[in-house]
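Read through the structure below, which is laid out as structure tokens, and then see the notes.
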Amino acid sequence: MDNEFVIIMSIRYMKPSLMAPAHDWAEKNVPKDIPGAHRHRSFHIAPDRGMSILYFNDKADLDAAFPMVKDILNGMAERFDAKVEIQKGITSPGMDWGD
């Protein structure tokens, strides 16, 4: 498998009770088609934490989408009293297993 480029986003809500409303808001308002992205996975980590990973086939698509994704996540942080972290990465296919 070739490398995939990723945006890894994490969010921590200062008020855990805001996580469910933020999730509902994101489902209705965050674009489903991020230009260049071909897959998206989200994770519920704890009552106050979530994480998402966006997958891209090449670095150019990741770099082009990064400002938009950053704006969306920062807007959610402001709207729902949260702290966010956003990073770029690349997969390590030699260490992958499973599907």
Side-chain angles (χ1 to χ4, degrees):
M1 177 180 189
D2 294 331
N3 288 331
E4 291 178 288
F5 295 83
V6 295
I7 296 176
I8 302 167
M9 303 160 280
S10 62
I11 189 164
R12 180 173 182 214
Y13 300 91
M14 299 300 98
K15 299 175 187 166
S17 62
L18 292 178
M19 185 171 191
H23 183 269
D24 293 345
W25 182 89
E27 279 191 12
K28 293 176 186 162
N29 295 286
V30 173
K32 301 288 185 235
D33 295 323
I34 303 293
H38 66 87
R39 186 171 64 213
H40 175 245
R41 296 295 307 249
S42 288
F43 306 86
H44 180 92
I45 298 171
D48 64 339
R49 293 180 191 192
M51 182 179 86
S52 291
I53 303 174
L54 278 169
Y55 295 81
F56 300 83
N57 288 323
D58 59 57
K59 188 176 183 316
D61 285 342
L62 178 148
D63 289 340
F66 193 80
M68 176 183 143
V69 173
K70 189 174 179 179
D71 286 346
I72 291 168
L73 199 61
N74 284 331
M76 284 187 66
E78 188 175 314
R79 178 182 294 267
F80 294 102
D81 192 19
K83 302 282 185 198
V84 297
E85 189 173 325
I86 183 168
Q87 301 174 3
K88 296 178 185 181
I90 186 169
T91 59
S92 299
M95 296 187 65
D96 289 350
W97 58 275
D99 62 358

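Here the structure is a predicted model, which means the values were calculated and not measured. One-based numbering along the sequence shown. All values below were derived from every heavy atom in this structure, side-chain atoms included, with hydrogens, water molecules and symmetry-related copies excluded.
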If you look only at distance, which donor and acceptor atoms sit under 3.5 Å apart when one is on a side chain in residues 76-86 and the other is two or more places apart or in another chain?
residue	atom	partner	partner atom	Å
E85	OE2	Q87	NE2	2.2

Close side-chain approach of L73 to S52, heavy-atom, < 4.5 Å | no

dist N3:CG -> F5:CZ (nearest 0.5 Å) comes out at 6.0 Å

Here the gap from R39 atom CZ to I34 atom CD1, rounded to the nearest 0.5 Å, amounts to 15.0 Å

Rounding to 0.5 Å, atoms CG (N74) and CE (M9) come to a distance of 12.0 Å

Open item on the list: Please tell me whether M19 and M14 are part of a single hydrophobic cluster in this structure, the criterion being side-chain heavy atoms less than 4.5 Å apart.
Closed with: no

So the salt bridge (charged side-chain N to carboxylate O under 4.0 Å, His left out) pairs with at least one residue in residues 40-58 (sequence neighbours excluded) are R12-D48

Ignoring hydrogens and geometry, is there a side-chain-to-backbone donor-acceptor pair from T91 to E4 under 3.5 Å? yes

Here the salt bridge (charged side-chain N to carboxylate O under 4.0 Å, His left out) pairs for residues 28-37, sequence neighbours left out, are none

Quick check: does any side chain N or O of H44 sit under 3.5 Å from a backbone N or O of A46, one acting as donor and the other as acceptor? yes

dist I11:CD1 -> L18:CG (nearest 0.5 Å) comes out at 10.0 Å

For residues 62-69, tabulate all N or O donor-acceptor pairs below 3.5 Å that involve a side-chain atom, not counting sequence neighbours.
residue	atom	partner	partner atom	Å
D63	OD1	K59	NZ	3.4
D63	OD1	K88	NZ	2.9
D63	OD2	K59	NZ	2.8

Note: with side-chain heavy atoms under 4.5 Å as the link, the other cluster members for Y55 come out as V6, I8, F43, I45, M51, I53

